[in-house]
Amino acid sequence: MSVRPLIDRLNAEKSLSLAEWRTMLTDYTEDDRQYAAEIARGLSTAVFGNQIYLRGIVEFSNYCKNNCLYCGIRCGNQTVQRYRLTEDEILECCAEGYALGFRTFVLQSGEDSSYFPDRLPETIRRIKQAYPDCAVTLSVGELEFDMLKRLRECGADRYLLRHETADQAHYEMLHPQSMSFAHRMQCLRDLKSLGYQTGAGIMVGSPHQTADCIAKDMLFFTEFQPHMIGIGPFLPAANTPFEKEPVGSYELTLFLLSLCRILLPNVLLPATTALGTIRPDGREQGILSGANVIMPNLSPTAVRKKYMLYDNKICTGEEAAQCIGCLNRRVQKIGYALTFSRGDHPDMQPKTGGTL
Ligand code: 5AD
Ligand code: FES
């Protein structure tokens, strides 16, 4: 049975009930998915034109104190060669990125306490001082309110913290007991209250995920109104408890990207590296389903292969410049263009400086 009427109503009212979301996710056909992609693409073009924002990711440490069951760099994975970049090395990555044209730097790491309380705030301060026209996005896991506040005061503009699942029981199947669903959600609320452009998100097809879980994720997005949504397929990582689990559905990932775009037309929505990992043209299809952001890697090539959240990650051998050339060809082929602009959320334009 077609869920087209539900897609139309989502587009008109920007909200559905839990039961309707469940129906949407269990009953959709290939035709519905194409229909949703068409609407989503129209909305993303209306807001962002044919421009795809670029963000440079610096994976500055793969040390992590957590032991998430799905993640390749979980602390229990003793086969990982751990590394940390120094402040100077992080700044060098930004310098290289700036020269290539990047105006957003995403600093990502495991939950590594060695950058706290002072090293990460100091690094952000230095980046913002050197590149006042750039946005700094953090993706460093859960922190307490006071530290989030301090990082914000040092100049961090945005923060990515996928909630992973809005279903508490499911959360507890993906994470060890030492981690708490309530704390993660609190952290997301703190981020928003501190004025960060805040990103949430999920993996599609993570073990034990049901349509009900994703329906709850969609309600969470509706209520929380994130500025960014990170959605990629689950991909098994060797030497983790989930290493033998199946990869998430490519089609469902694309459908969810479209539904997120229809729900939140202004949202910043990346075509993720995980999507490009399960299909050679996954990121292009993500864009054609409503995504408007791509996040190439700026990490030094020497450490790239050590930051493996999942197996077979793409672009671990390429220099950032090579990825830009490759991405340029890819997006042009489907009628889009890369842009290096800061690319703030339409509701969150910086008050001073900034958008050059
Ligand atoms: N497959 C897909 N995505 C993963 N992530 C972590 N491990 C995996 C995996 N095995 C995602 C999580 C995390 C983000 C940084 O990467 O959603 O929040
Ligand atoms: Fe990195 Fe294509 S994007 S090689």
Side-chain angles (χ1 to χ4, degrees), residues 52 54-57 59-62 64 66-74 77 80 100 106-111 137-142 159-166 170-171 174-175 179 184 187-188 199-207 209 217 226 228-250 253 256 270-284 286-287 294-299 301 304 307-333 338:
I52 302 299
L54 283 171
R55 319 323 197 165
I57 306 197
E59 297 155 338
F60 65 90
S61 163
N62 68 353
C64 190
N66 287 337
N67 211 20
C68 305
L69 278 72
Y70 47 83
C71 186
I73 63 167
R74 66 201 301 266
N77 185 354
V80 176
L100 288 168
V106 181
L107 304 188
Q108 185 173 85
S109 68
E111 292 201 5
T137 304
L138 298 179
S139 175
V140 299
E142 296 172 39
Y159 204 109
L160 306 174
L161 182 69
R162 293 192 183 175
H163 66 293
E164 313 296 357
T165 172
H170 183 219
Y171 187 91
L174 298 178
H175 301 98
M179 293 177 72
R184 199 165 192 90
C187 194
L188 280 164
I202 61 166
M203 295 173 285
V204 179
S206 58
Q209 186 183 56
D217 293 320
M228 306 173 281
I229 297 182
I231 293 189
F234 165 77
L235 294 158
N239 307 300
T240 66
F242 292 160
E243 67 181 349
K244 299 256 155 60
E245 297 290 331
V247 302
S249 159
Y250 171 65
T253 305
L256 288 172
T272 57
T273 304
L275 191 56
T277 297
I278 43 169
R279 282 288 194 293
D281 66 339
R283 288 169 298 177
E284 292 91 310
I287 290 167
I294 296 188
M295 301 166 70
N297 205 318
L298 286 179
S299 312
T301 37
R304 291 257 179 115
Y307 202 89
M308 286 293 205
L309 305 183
Y310 46 78
D311 298 345
N312 307 313
K313 186 175 164 198
I314 54 169
C315 302
T316 57
E318 281 76 12
E319 298 282 349
Q322 291 176 287
C323 286
I324 294 185
C326 166
L327 289 170
N328 232 328
R329 285 191 297 279
R330 287 170 181 269
V331 304
Q332 276 181 15
K333 216 166 148 186
L338 297 179

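Atoms within a ligand are numbered from 1 in the order they appear, just like the ligands themselves. Source: prediction; values computed, not measured.
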Tell me, do [X] and [Y] make a side-chain contact under 4.5 Å, heavy atoms counted?
X: R55; Y: P270; answer: no
X: E245; Y: L69; answer: no
X: Y307; Y: I73; answer: yes
X: T165; Y: Q209; answer: no

Exercise for review: For H175 and N66, test the side chains for any donor-to-acceptor distance below 3.5 angstrom and give the result as yes or no.
Suggested key: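 Result is no, nothing qualifies.
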[atom]: nearest protein contact (heavy atom, Å):
atom: atom 11 (C) of ligand 1; value: R162 NH1, 3.6 Å
atom: atom 2 (C) of ligand 1; value: P233 O, 3.3 Å
atom: atom 10 (N) of ligand 1; value: L235 O, 2.6 Å
atom: atom 18 (O) of ligand 1; value: E164 OE2, 2.5 Å
atom: atom 4 (C) of ligand 1; value: M203 SD, 3.4 Å
atom: atom 7 (N) of ligand 1; value: Y70 CD1, 3.4 Å
atom: atom 15 (C) of ligand 1; value: L309 CD1, 3.8 Å

Exercise for review: Would you confirm whether D217, through its side chain, and A166, through its main-chain N or O, come within 3.5 Å as a donor-acceptor pair?
Suggested key: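 Looks like yes, one N/O pair under 3.5 Å.
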Any idea which heavy atoms bring [X] and [Y] closest together, and the distance?
X: K313; Y: N297; answer: NZ-ND2, 4.2 Å
X: Y310; Y: T277; answer: CE1-OG1, 3.8 Å
X: V247; Y: P236; answer: CG1-CD, 3.5 Å

Review point. Could K333 and E284 be called an ion pair, given the rule that one side-chain N must be under 4.0 Å from one carboxylate O?
Key: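 Salt bridge flag = no for E284 with K333.
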Check your understanding: At distances under 2.8 Å, what protein N, O or S atoms surround atom 2 (Fe) of ligand 2?
Key ->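 Result, waters dropped: C326 SG.
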Review point. Heavy-atom contacts under 4.0 Å between R283 and ligand 2: side chain, backbone, both, or neither?
Key: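 The side chain, only.
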